[in-house]
Each structure stands twice: as structure tokens, then as C-alpha cells.
Amino acid sequence: MHHHFITELLGIKDSHVNVWDLREEESHFVAELFTKPRMQKCPFCGERTKRIHGYRWQSIQGPAFTTKEVHISLRKRRYICVSCHRTFYERLQMIHRYQRCIASVQTTAMKHAAVSSFRTAALVTGVTVNRVLRWFDRKELTSSKVLPRVIAIDEFKGDADGERFQLNVVDVENRRIIDILPDRKVETIEKYLKSCDTGKVEMVVMDLSQAFKQAIRKALGNPLIIADRFHFMRQVYWALDEVRREVQKELPKKDRLRMKRSKKLLWKSWAACSDDQKKKVQQLVEIDARLKEAYDLKQALDTWFKESDAYNVTSGLEVCLEKLEASTLEGFHRVARTFKRWHQEILHSFMYPYNNGYIEGVNNTIKVLKRLSYGIKNFERMRKKILWQQEVKLVLKQAYK
Ligand SMILES: [Zn+2]
């Protein structure tokens, strides 16, 4: 085997590291390596020197080849400075200071920890899970403290450190997660925002949460707040579902099951339904006047939502609100109250293009990271994993462009 090929297999990037010997033993491979002399810069005084002081053999854990690990013996060189006469070991990329494991193993483990579980990262690299966790916890990750022009805050169910929900702060225009906060309390959000440089923030996208709004006002003054479209339209679907369940309860058993299975069909936009589906919807809403009313209201809002633009959205919303208020259904009254309370923020969502793309991108990311962080109860570890995952994915994306 070519020596160069061996060092490459071992993930060694130092070009002056050479192979002395490689042999296979029953339980492992042994690779003996040595370094070629090189001009050094004294770490104490900065003088250049090539004078050798001595050698030391160092044992290093290498990567695993198939089922066998590689044990590396490295003959390290110690140099002596011609000026200050102090001695020092040569610097190598292949091994970090105070580590017993080759750097490429650690790098590989950290790469796997970004895209899969810590357990997988340990298995692939042949080290213990505890060691992977130690490396991971020690790893430094910096999140930007300068917030961009448009941010979004959104919660997700992360179940870390005894809090069910964690918060995601996102750079909407660049579709990047900026940071993860441990909970959704006003104080937490406020404290975070105050720790950042928020001079550039002009707009904030968020769901209809009074707590978020309060925190934003306290920390940022008066940025433009945009209601997240997915979140406010969800209220309408929930109101429809409330009616469906109510009607369902009063039905005979056979019809009850049919009604139960129709949730998605009733949620579907009328225009998107096939002829067959339209017929089914008509049959369903004939069953009960309340359901018919709820369905028609949902349709009115759905049409307004899909067909409005910055110019006609306000008048369209007025018409919808009148319909909602004239309704006999309590659930839709609630929708009307919410829409009135968030009137301006909802209108903003039609005037600025920071909605659908944002939702799709971030929801996807959250889904992946939820799966990834499953079982991580330690918030800091979860936060780091989410940010680290994003960083690795960005690098991969750029590499394959
Ligand atoms: Zn020196």
C-alpha cells in the first residue's frame, strides 16, 4: 500500500507525517508513524529553529477500519529553540492537545452527531457515547448576536429541562435559525433580545401570542409585527372542527364514524376538491345546519385568505368579520375576537412577503430537529445540536453546489 494512501485513510492532513509500518494484529491494526523535520517557529520567542532535541512515542487511537480499530504509534519530535533554548513539541493537525484520539475521529464523530444521534456517532467512530458527549459539550459554537432585519419567533415542543416548549428565533430572509431559547416566557424572550444587537430589526413575524408581543414591545419598542399566516388561519380550522365534533357526538354510531373520518375532507379547500369529494362534502353538511354554517364560514375565510392582496385584504376582512359576528356559533365568535385583536398584524401578513416560505422552511427544520433531539433532556445540548446541525448542513450544501 502507498504510504500516502494510508495517511489519507487515517484522515491525517499533515503532509510531513509518514508511515513507518502498518501491520494487522488479531484484534487491531498498528500504524507506526513518524514525522519529517521541518522549520519550526518557537512558541516562546517566535524565533525559527530546526534543531532537534529528542523524540517521544505517543499512542493515539485511530479510526475504525471495518471492525478493527487502528492503534497509532507516533514518533513525535521535540525541538529546541536556538535563541531562548526552550524545548517544545512540533504542532500537528492530526492530534489536538491533551487528546488521545486522532483529530479526524473527533471530526467524524462531530459530523455524525450533527446529522444523527450521539449513539450513531459513537458507533461509527468506535468510541464510547460518553466520549462523544464530552467532545460535543466542549465544542464551542457561537450564535450571532446581531439580529437581522426580519426575525420570526416560533415555539416548538422540545421537552427539554422540564419545559414542554422551546423557542426558535429565525432569520426570515436568510432562512436560518439564529438561536434557541429555553422556554416561551416573556422574561426569557425579553432578556434574550436585550442581550442582542437589535438595531437592524424592522419586522417580527410571530404567532398570535400576547406574551411574545409584550416581550417584543418591551425589548424592541415598536417594530412592525406580522402575524404568521399559518397560525391565524389555524383558528378557523379549529372552530370548524369544534362544530364537527359537536355534531358528531349526536349522530347514530354509523354516521358518527363517517363524520369522524371526514375531518380532512372538510378542511380541504372547496376549489381543490374533486367532483366526488364535493358531493361527499354536500352530503355531510346536509346532516346538520350548524355544520353547514361552519363550513360556509371556513370557505369564506379560506377564499379571502387565498385571494386577497395588499389592496383588497382590508375590505375583504371586514366582510368576513361581519359574517363571523352574525354567526350563531361560539367558536367562530372567538375567531372574530382574535382577528379583531390582531387586526393590524394579520393585515401586515398580506403586505409583506414573509409568510409561506418562512413557514415551510422552518416547519421542516423543526420536524427534523425534533426527531434528532428526541431524548435529549438537556436544553443546552439540544440547542447546540440544532445550531450545529444547521452549520454542518450549510457547509454540505455549499460543498455540493
Ligand atoms: Zn525561543
Side-chain angles (χ1 to χ4, degrees), residues 1-23 28-65 69-114 121-122 125-128 130-146 380 384 387-388 391-392 394-395 398-399:
M1 232 194 302
H2 277 293
H3 284 179
H4 172 68
F5 182 60
I6 296 169
T7 50
E8 201 177 301
L9 270 180
L10 294 171
I12 295 168
K13 297 224 169 70
D14 304 275
S15 58
H16 63 299
V17 171
N18 275 5
V19 181
W20 197 303
D21 189 29
L22 178 73
R23 57 179 188 275
H28 58 271
F29 289 99
V30 177
E32 288 182 340
L33 310 177
F34 68 100
T35 62
K36 279 190 279 190
R38 255 191 175 184
M39 188 61 84
Q40 303 286 316
K41 200 172 150 199
C42 171
F44 304 103
C45 73
E47 183 64 62
R48 285 157 68 79
T49 183
K50 221 179 168 178
R51 193 179 297 168
I52 291 151
H53 179 68
Y55 300 95
R56 185 176 75 99
W57 284 97
Q58 187 184 2
S59 310
I60 302 165
Q61 185 184 345
F65 284 161
E69 276 177 20
V70 181
H71 296 180
I72 296 169
S73 259
L74 171 71
R75 198 185 71 157
K76 257 177 140 180
R77 251 169 232 278
R78 203 165 169 84
Y79 288 89
I80 182 160
C81 177
V82 288
S83 165
C84 70
H85 304 293
R86 282 196 261 195
T87 62
F88 56 91
Y89 280 113
E90 61 188 322
R91 283 249 203 98
L92 290 163
Q93 283 182 42
M94 65 173 278
I95 179 113
H96 296 147
R97 257 179 116 182
Y98 311 122
Q99 291 290 324
R100 285 168 299 147
C101 197
I102 192 163
S104 65
V105 171
Q106 191 172 341
T107 312
T108 310
M110 291 302 97
K111 253 190 292 189
H112 280 278
T125 49
V127 299
T128 62
N130 273 335
R131 185 178 279 188
V132 171
L133 287 175
R134 238 183 353 243
W135 284 338
F136 191 75
D137 289 343
R138 255 208 310 259
K139 194 175 159 46
E140 303 227 353
L141 258 185
T142 47
S143 54
S144 173
K145 282 286 178 190
V146 183
E380 206 34 57
K384 228 166 148 180
L387 295 172
W388 174 230
E391 209 164 284
V392 168
L394 275 175
V395 171
Q398 271 152 11

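What's counted below: heavy atoms across the whole structure, side chains too, no hydrogens, waters or symmetry copies. Read the numbers this way: they start at 1 and go in the same order the structure lists the ligands and their atoms.
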Q) Do you know the tightest heavy-atom contact between Ala31 and Leu22? A) CB-CD1, 3.7 Å

Q | Where at least one partner belongs to residues 130-139, residue pairs that pass side-chain hydrogen bond (donor to acceptor under 3.5 Å, both in side chains), sequence neighbours excluded | A | Gln61-Arg131, Gln99-Trp135, Asp137-Arg381

Q.
Ring-plane angle category for His28 and His71, please: parallel below 30°, perpendicular beyond 60°, tilted otherwise.
A. parallel

**Q.** Value rounded to 0.5 Å, distance of CD1 in Ile12 from CD1 in Ile102
**A.** 4.0 Å

Q: For Lys13, enumerate each residue passing the side chain to side chain donor-acceptor pair (under 3.5 Å) test, keeping only those at least two apart in sequence or located in another chain.
A: none

Q | Pairs flagged by side-chain hydrogen bond (donor to acceptor under 3.5 Å, both in side chains) wherever residues 73-84 is involved - sequence neighbours left out | A | Thr35-Arg77, Tyr55-Arg77, Gln58-Lys76, Arg78-Thr87

Q: Measuring from the Zn ion (ligand 1), count protein N/O/S atoms under 2.8 Å, please.
A: 4

